Amino acid sequence: MEQVGWIWAAALLACFAVLALCEVTAPRVERGSDGASDARLVTNFALGIVTIGLASVLPISTLAAAVFAQKMGIGLGPSVALPWIAAFALLLPARSFTTYWVHRFSHAIPWIWRIHRVHHADAAVDVSTALRNHPLELLIIAPVAATTVVVIGPPITAVLAVDTLLFVLGLWQHADLALPPRIERLLDGLVITPGFHRAHHAPDRAAHDRNYGDLVPLWDRLFGTLAPPADRTARVGLDRAHPDRLLQQLLDPVRR
């Protein structure tokens, strides 16, 4: 299991590196044209390290939930002896569905928004933005994700596959990539593209309270939160007065 963990971590780092390289070679927004400072990268990576570190030691995680469900024989999987592919096919949309609603409530409930707005405060959107999450968000996201796993009761390898796919898609959605227009229009109806998610990072509240999806635009379409993709000139971030530094962002939820 330890060897699998190292392989999994190496694969995620490789995906991050590939997307970062693509951003350099084919950026959607020219570097510096959005007025963002490279100092934001220190905050983004630091928040990512802190959050991932805390997630690895939390007693509530999707992998721990899978072990618990299998050991106790609870959940849909153990009850009807679901094959691996069926468990994966059920868990992926279930996680996507619950994540949509957690994300939507993170915008609608003021005290949760004060935590989540740290992610939206980034003055640019690129692959590092996917790492920019306040550690307190784990207390909201982790229990919901773990409960979803317990209800379905999939094998731990299926949980690992779903977690990996969702993490990689999170990197992809935030990537500053200039896709060919025809390809982007085709993909917009099937998966969440960088342009689709960039609209979610608009400064205006009415604009960023849209496009909550993390896998497919289906949930936004069904529940009336679908907005057209943003073009490369669209502004992103929030108009905040304090500097974009790690300590300020960690303390941001206690600010009015």
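Quick caveat: nothing in here was measured; it's all calculated off a predicted structure.
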Do side-chain atoms of [X] reach the backbone of [Y] as a donor and acceptor pair under 3.5 angstrom?
{"X": "S106", "Y": "V102", "value": "yes"}
{"X": "T225", "Y": "R221", "value": "no"}
{"X": "H103", "Y": "G213", "value": "no"}
{"X": "R117", "Y": "P253", "value": "no"}
{"X": "Q248", "Y": "D244", "value": "no"}
{"X": "N211", "Y": "H208", "value": "no"}
{"X": "R95", "Y": "V162", "value": "no"}
{"X": "Q70", "Y": "P154", "value": "yes"}
{"X": "E23", "Y": "L177", "value": "no"}

If you measure from [atom1] on [X] to [atom2] on [Y], what distance do you get to the nearest 0.5 Å?
{"X": "I74", "Y": "F68", "atom1": "CD1", "atom2": "CZ", "value": "4.5 Å"}
{"X": "N133", "Y": "L138", "atom1": "CG", "atom2": "CG", "value": "8.5 Å"}
{"X": "T193", "Y": "L169", "atom1": "OG1", "atom2": "CG", "value": "11.5 Å"}
{"X": "N44", "Y": "I49", "atom1": "CG", "atom2": "CD1", "value": "11.0 Å"}
{"X": "L251", "Y": "R245", "atom1": "CG", "atom2": "CZ", "value": "13.0 Å"}
{"X": "L91", "Y": "T62", "atom1": "CG", "atom2": "OG1", "value": "8.5 Å"}

Could you give me the CA-CA distance, side-chain angles and deciding distance for I192 and D214, then say whether side chain to side chain contact (heavy atoms under 4.5 Å, CB included) is met? CA-CA 6 Å; I192 305 299; D214 68 335; 5.8 Å; no
Apply the test side chain to side chain contact (heavy atoms under 4.5 Å, CB included) to residues L215 and L92: give CA-CA distance (whole Å), side-chain angles for both, the deciding distance (0.1 Å), then the verdict. CA-CA 9 Å; L215 178 64; L92 183 60; 3.8 Å; yes
Side chains of [X] and [Y]: does their closest heavy-atom pair fall under 4.5 Å?
{"X": "I140", "Y": "I115", "value": "yes"}
{"X": "E184", "Y": "P180", "value": "no"}
{"X": "V151", "Y": "L76", "value": "no"}
{"X": "V67", "Y": "I156", "value": "yes"}
{"X": "V149", "Y": "L63", "value": "no"}
{"X": "P217", "Y": "L226", "value": "yes"}

What heavy-atom pair brings [X] and [Y] nearest, and what distance separates the two atoms?
{"X": "P228", "Y": "A199", "result": "O-CB, 3.6 Å"}
{"X": "T43", "Y": "L246", "result": "OG1-N, 3.5 Å"}
{"X": "P194", "Y": "L179", "result": "CD-CD1, 4.2 Å"}
{"X": "A158", "Y": "F88", "result": "O-CD1, 4.1 Å"}
{"X": "S79", "Y": "G75", "result": "OG-O, 2.7 Å"}
{"X": "A207", "Y": "A202", "result": "CB-CB, 3.6 Å"}

Is there a chain of hydrophobic side chains (I, L, V, M, F, W, Y, each step under 4.5 Å between heavy atoms) that links [X] to [Y]?
{"X": "L160", "Y": "I52", "answer": "no"}
{"X": "L187", "Y": "V18", "answer": "no"}
{"X": "F196", "Y": "I183", "answer": "no"}
{"X": "V216", "Y": "L165", "answer": "yes"}
{"X": "V127", "Y": "L21", "answer": "no"}

Between [X] and [Y], does any side-chain N to carboxylate O distance fall below 4.0 Å?
{"X": "R132", "Y": "D126", "answer": "no"}
{"X": "D220", "Y": "R210", "answer": "no"}
{"X": "R40", "Y": "D122", "answer": "yes"}
{"X": "R104", "Y": "D209", "answer": "no"}

Whether R205 engages the ring of W113 as a cation-pi pair (distance to the six-membered ring centre under 6.0 angstrom, angle to the ring normal within 45°) should be assessed. yes
Under 6.0 Å between ring centres, would you say that holds for W101 and Y212? no
Would you say the ring centroid of H197 lies under 6.0 angstrom from that of H174? yes
Please assess L47 against L250 for the test side chain to side chain contact (heavy atoms under 4.5 Å, CB included), listing each intermediate value before the final yes or no. CA-CA 8 Å; L47 284 171; L250 287 172; 3.7 Å; yes
Could you give me the CA-CA distance, side-chain angles and deciding distance for H134 and H119, then say whether side chain to side chain contact (heavy atoms under 4.5 Å, CB included) is met? CA-CA 7 Å; H134 197 284; H119 177 71; over 6 Å; no
Please work out whether the ring planes of H120 and H107 are parallel, tilted or perpendicular, with thresholds of 30° and 60°. perpendicular
